[in-house]
Amino acid sequence: MAGFQKQCSVKDNLLSMNQRTNEQWLADLRAKGDMRDAALSDLRALILRSLPYALSGKLNPNSPEFESLAEEVAQETLLKVLEHLDTFEGRSLFTTWVHKIAVRQALGELRRRRWRDVPLPEMEMNDDSDIMPRELADEQPSPEIMAERNDVMMRIQRIISEELTEKQRLALMSVVMQEMPLEEVAQKMGTNRNAMYKLMHDTRLRLKRRMEAEGMFPDEILAVFAKSVG
Amino acid sequence: MNLFRKIKQLFSWQQPPTRSAGMAMQAANPKMAQKILGMLEKTQEEELTCDEVFALLDQFAEMTARGENVSELMPLVELHLEICGDCREEYESLMNVIQHPA
Ligand SMILES: [Zn+2]
């Protein structure tokens with residue numbers, strides 16, 4: 001009898017989970033007691049089921065690392081969902097909104113683990129005198145193209161060193177050269193991702209404006225580099 | 001005397017694999033110059049920040065999944081996703097999730 005009841009309640013849970021509207025999710029999560037607990041437990045199950053898809057190609061769902069990550073992500077996501085419940089505007093399914101938060105938690109945690117021990121690149125501005133352009137070994141562009149490119153690269157270098165602050169250069173080097181995630185660079189530089197995006201946006205605008213003032217237009221110059229392939 | 005050889009020498013100079021290589025040195029690599037230029041080509045005066053994009057991401061993902069023309073409806077979100085690796089990665093993961101309903 002108890003077993004039968006349990007089966008029924010599992011079935012009911014599944015039904016209610018699939019059939020909850022946005023309004024029902026919100027009402028249940030704002031309720032007290034059993035209603036809220038049931039909604040939280042459904043949400044938790046939903047997050048855990050979606051994580052293998054969220055992390056597909058990044059983390060094997062059968063690895064021990066996945067398991068520890070999943071628990072942490074589910075927990076943190078539920079806390080965030082409850083904390084920001086009032087900001088949900090109903091522009092998507094409630095569950096999509098929850099998945100969005102879970103995805104950010106999961107990828108954030110994964111990035112932290114992957115990049116934790118990688119330091120920011122050291123910044124040492126070299127004298128212009130010992131800068132030498134180099135080509136990739138497997139490329140053999142004509143001397144004319146090499147000279148043209150050389151000129152462009154020297155000019156970009158000069159603009160970078162004249163136009164950007166040290167912070168901007170460090171950010172540019174970390175994000176573009178080292179391909180570090182914005183979030184990790186932000187954390188290591190003692191700020192947050194949003195501020196780091198703004199800093200990078202300012203950096204790009206400064207470079208672009210200065211280049212254009214000097215008659216260099218990125219789309220035109222790119223063509224000089226595209227020629228190399230031929 | 002042999003200018004061509006001299007230029008060739010200049011370009012085949014290999015940077016030693018030191019981590020203290022400065023920014024200037026890095027920009028002298030054609031791949032890096034290309035990357036910077038590509039980034040500048042996309043740069044607009046007005047761009048959304050990561051937080052602004054995150055606020056719209058669930059809606060944007062559902063619109064994409066429904067096949068709506070997001071380039072026209074939410075061009076600034078699309079531009080941000082082209083520029084920002086972190087947000088792009090999150091968007092792709094979210095798409096994976098909502099296209100495989102649990
Ligand atoms: Zn972003």
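Below, chain A is the first sequence line, B the second, and so on; all start at residue 1.
Electrostatic pairing of B:E90 and A:K100 does not count as a salt bridge here, judged by no charged N lying under 4.0 Å from a carboxylate O.
Contact tally against chain B (heavy-atom pairs below 4.5 Å) for A:T203, A:L93, A:L207: the top residue is A:L93. Ranking A:M216, A:K58, A:M200, A:K198 against chain B, the residue ahead of the rest is A:K58, based on heavy-atom pairs under 4.5 Å. In terms of heavy-atom pairs under 4.5 Å with chain A, the best-connected choice from B:E92, B:H80, B:M95 is B:H80. In terms of heavy-atom pairs under 4.5 angstrom with chain B, the leader among A:S92, A:G57, A:P218 is A:S92.
Interatomic distance, OH of A:Y53 versus OG of B:S93, reported as 13.5 Å (0.5 Å rounding). Taken from CD1 in B:I36 to CD1 in A:I221, the straight-line distance is 11.0 Å, to the nearest 0.5 Å. Here the CE atom belonging to A:M153 is positioned 10.5 Å from the CG atom belonging to B:L37, to the nearest 0.5 angstrom. Rounding to the nearest 0.5 Å gives a distance of 11.5 Å between CD1 of B:I98 and OG of A:S50. With rounding to the nearest 0.5 Å, the separation of CZ in A:R209 from OG1 in B:T43 is 10.5 Å. The structure places CD of B:E45 at 7.0 Å from NE2 of A:H201, a figure rounded to the nearest 0.5 Å.
Of the atoms belonging to A:E89, not a single heavy atom falls under 4.5 Å from chain B. For B:F54, the parts lying near chain A are the backbone and the side chain together; criterion is any non-hydrogen pair under 4.5 Å. Only the side chain of A:M211 comes within contact range of chain B, judged by heavy atoms closer than 4.5 Å. A:I101 touches chain B through backbone and side chain together, each having a heavy atom under 4.5 Å away. Both the backbone and the side chain of A:K208 come within contact range of chain B, each with at least one heavy atom under 4.5 Å from a heavy atom of that chain.
Among B:Q44, B:E47, B:K42, the one residue that satisfies the side chain to side chain contact (heavy atoms under 4.5 Å, CB included) test with A:R204 is B:E47.
Crowding of A:E83 atom CD: a count of heavy atoms from other residues, nucleotides or ligands under 6.0 Å exceeding 12. When the shell of 6.0 Å around CD of A:E162 is examined, it contains more than 12 heavy atoms from other residues, nucleotides or ligands.
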As a quick check of understanding, evaluate side-chain contact (heavy atoms from CB on, under 4.5 Å) for A:M177 and B:K31, giving each step before the final call.
CA-CA 10 Å; A:M177 313 294 174; B:K31 276 262 147 59; over 6 Å; no
Run A:T96 and B:E62 through side chain to side chain donor-acceptor pair (under 3.5 Å) and show every step you take.
CA-CA 8 Å; A:T96 304; B:E62 286 188 356; 2.6 Å; yes
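Residues of residues 180-188 of chain A lying under 4.5 angstrom from chain B, judged on non-hydrogen atoms, are A:P181, A:L182, A:E183 by number.
B:E41 and A:D219 make their closest contact through OE2-CB, 3.2 Å (heavy atoms, listed as atom of the first residue, atom of the second, distance). Heavy atoms only, all atoms of each residue included: A:Y197 and B:I83 are closest at OH-CG2, 3.9 Å.
Side-chain contact between B:D86 and A:R111: present, with at least one pair of heavy atoms (C-beta onward) separated by less than 4.5 Å.
Although no hydrogens or angles enter the test, the distance criterion places no donor-acceptor pair under 3.5 Å between the side chain of B:N96 and the main chain of A:A54. Distance alone, capped at 3.5 Å, places no donor-acceptor pair between the A:R91 side chain and the B:A55 backbone.
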